[in-house]
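Order of appearance sets the numbers: ligands from 1, and atoms from 1 within every ligand.
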Amino acid sequence: MGTFGATAVQASYFIAAALFILGLKRMSSPVTARSGIVWAGVGMVVATLITFLTPGMGNYALMTVAIAVGGIAAWVTGRRVAMTNMPQMIALYNGMGGGAAAAIAAVELFSGAVHGPAVLTLGVLGGIIGAVSFSGSLIAFGKLQGLIKRSFRFRGQNFLNLAILAVTTIVGAIIVVNRGADVQSEVIVLFVVVLLLGVTMTLPIGGADMPVVISLYNALTGLAVAFEGFVLNNAAMIIAGTVVGSAGTLLTQLMAKAMNRSLGNVLFSGFGETAVAGATGPSGTLKAIEAPDAAVMLGFSEKVIVVPGYGMAVAQAQHKVWELCQALIARGVTVKFAIHPVAGRMPGHMNVLLAEAGVPYDLIYDAEEINSEFETADVALIIGANDVVNPVARTDKSSPIYGMPILNADKAKNVIVIKRGQGAGFSGIENALFYLDHARMLYGDGQAKAAELVQAIKAL
Ligand code: NAP
């Protein structure tokens with residue numbers, strides 16, 4: 001194959017990288033997101049296949065088996081996973097990416113491959129970051145999947161993490177200073193220690209913060225892949241890793257901001273585990289309403305703002321909710337959807353569900369676009385949302401969600417809340433909104449209640 005082969009491989013990597021970037025760009029709007037995933041997927045297929053043609057490549061049988069096993073496992077689990085389990089699925093896939101980057105570093109360092117000091121440093125750094133991301137993501141998966149039920153917090157845990165980090169830095173420096181020669185035992189120590197660091201960093205973090213942590217590990221995986229791209233001299237890895245690293249960083253910041261938390265607070269505070277103790281519940285009573293009465297309130301409104309939350313995803317109620325809105329629109333009611341940036345369990349969760357149900361994008365508004373409109377709404381219809389409409393976030397400094405920007409559903413003339421019972425939100429606290437005089441609780445599963453409302457509105 002010679003030079004031509006090498007050039008063809010590099011050109012294909014460039015094409016793959018371009019497909020990743022264009023795919024990511026398309027993912028920024030729900031209208032083009034699906035095709036964006038396909039574009040990026042094609043990029044990955046190109047990058048994978050072209051690797052077989054790399055001059056000097058061997059082990060084809062092993063590569064084929066690995067691709068077949070990984071591909072089939074991902075295909076089967078991807079098809080089966082419920083939308084509500086998507087965050088842990090992402091954690092798992094993301095962890096695999098970090099693990100792959102770490103494995104590249106481990107093999108290169110262990111084999112004593114000759115690299116210049118800069119590339120060697122990047123290789124070691126990429127290995128460290130990738131391994132932390134790998135073990136940390138697995139712990140995040142375990143927590144979200146309910147396999148690890150509690151957070152392990154103890155005095156001095158931050159000190160322990162700092163101590164492990166110090167050991168990591170020293171061993172990493174020894175490997176670089178020795179230019180990668182005769183450092184097999186140091187390489188083993190390095191990877192054992194950093195894998196442990198991922199575990200000790202993630203175990204104390206509460207389940208409520210896991211999506212932010214997963215996003216952070218996603219960014220780290222990107223960085224690790226980019227660094228290992230320098231080691232392997234692989235342009236596709238460098239570009240794709242950088243893109244993932246920066247996109248993940250932006251997403252992490254966005255999520256932390258939407259929860260009004262600093263990243264340090266997310267990583268070190270134990271949110272949702274300790275802060276609830278001692279918090280006083282809201283005063284007043286919960287007032288139930290039945291579907292026929294709720295249908296009258298909705299059907300004779302001029303403007304209804306729908307606030308979906310995690311419960312809509314659990315109930316898979318998005319199709320019925322849209323049917324309900326169509327019945328209202330047919331009666332001349334103005335209907336808008338208000339989406340909080342952290343409604344549900346992952347960024348864009350509600351947008352994806354509403355898009356799946358066929359809700360037109362021009363009816364869907366972000367929090368800052370619609371918050372001033374609640375005052376003019378006759379009804380705020382809340383479906384399975386809780387924390388994102390809890391007014392204590394504005395007033396109660398002792399609340400774990402204090403400072404989180406919320407949707408102003410309490411400012412609507414009437415509030416109807418569909419939820420199954422008195423279950424708390426993700427943060428584990430009660431919602432003062434539900435106790436307000438103008439709030440009514442329509443108890444039941446989101447999908448069943450939306451269906452009842454459709455019937456009742458059509459019968460008006
Ligand atoms: P939430 O606070 O988790 O509340 C969801 C509510 O849905 C529960 O109170 C539950 O009450 C109800 N529910 C559950 N199953 C239901 C069903 N089948 N039918 C009807 N209702 C049902 O939801 P949210 O308001 O969307 O808030 C999201 C939370 O997740 C926030 O605290 C946010 O910070 C956190 N979070 C989100 C992200 C993200 O990226 N989106 C990331 C990190 C953290 P019942 O049990 O009484 O039914």
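- Surrounding CE of Met44 are at most 12 heavy atoms belonging to other residues, nucleotides or ligands under 6.0 Å away.
- For ligand 1 and Pro211, the ligand atoms under 4.0 Å from any heavy atom of the residue are 42 (C), 43 (C).
- For the pair Val388/Met404, a side-chain contact is recorded, criterion being any heavy-atom separation below 4.5 Å from C-beta on.
- Here's the thing with Val342: one of its N/O atoms is less than 3.5 angstrom from an N/O atom of ligand 1.
- The shortest distance between side-chain heavy atoms of Thr200 and Gln157 does not fall below 4.5 Å.
- Annotation for ligand 1: atoms under 4.0 Å from non-hydrogen atoms of Ala315 are 17 (C), 18 (N), 19 (N).
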Side chain to side chain contact (heavy atoms under 4.5 Å, CB included) between Val417 and Leu442, intermediate numbers included: CA-CA 6 Å; Val417 183; Leu442 179 52; over 6 Å; no
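- Considering backbone and side-chain N/O of Phe426, one or more are found under 3.5 Å from N/O of ligand 1.
- Remark: Lys413 does not engage Glu375 in a salt bridge, criterion side-chain N to carboxylate O under 4.0 Å.
- Atoms of ligand 1 found under 4.0 Å from any heavy atom of Gly309, numbered from 1 in the order shown, are 26 (O).
- Every atom of ligand 1 with a heavy atom of Met255 under 4.0 Å away is listed here by number and element: 40 (O), 42 (C).
- How far CD1 of Ile418 is from CG of Asp445: 9.5 Å, rounded to the nearest 0.5 Å.
- Looking at Val314 next to ligand 1, no N or O pair under 3.5 Å apart turns up.
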Enumerate, atom names and distances included, each donor-acceptor pair closer than 3.5 Å involving a side-chain atom of residues 284-299, sequence neighbours excluded.
residue	atom	partner	partner atom	Å
Lys287	NZ	Thr285	O	2.8
Lys287	NZ	Tyr435	O	3.4
Lys287	NZ	Leu436	O	3.3

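- Contacts of Ala424 with ligand 1, taken as heavy-atom pairs under 4.0 Å, involve the backbone alone.
- Contacts between Ala385 and ligand 1 below 4.0 angstrom, taking non-hydrogen atoms only, involve backbone and side chain alike.
- No N or O atom of Ser427 sits closer than 3.5 Å to an N or O atom of ligand 1.
- Here's the thing with Met404: none of its N/O atoms is less than 3.5 angstrom from an N/O atom of ligand 1.
- Counting atoms of ligand 1 from 1 in the listed order, those under 4.0 Å from a heavy atom of Met346 are 39 (C), 40 (O), 41 (N).
- At under 3.5 Å, a nitrogen or oxygen of Gly446, whether backbone or side chain, sits near a nitrogen or oxygen of ligand 1.
- Heavy-atom distances between Arg345 and ligand 1 reach below 4.0 Å in at least one pair.
- Using a cut-off of 4.0 Å between Lys/Arg side-chain N and Asp/Glu carboxylate O, Asp410 and Arg394 are scored as salt-bridged.
- A 6.0 Å sphere centred on CD of Glu302 holds no more than 12 heavy atoms belonging to other residues, nucleotides or ligands.
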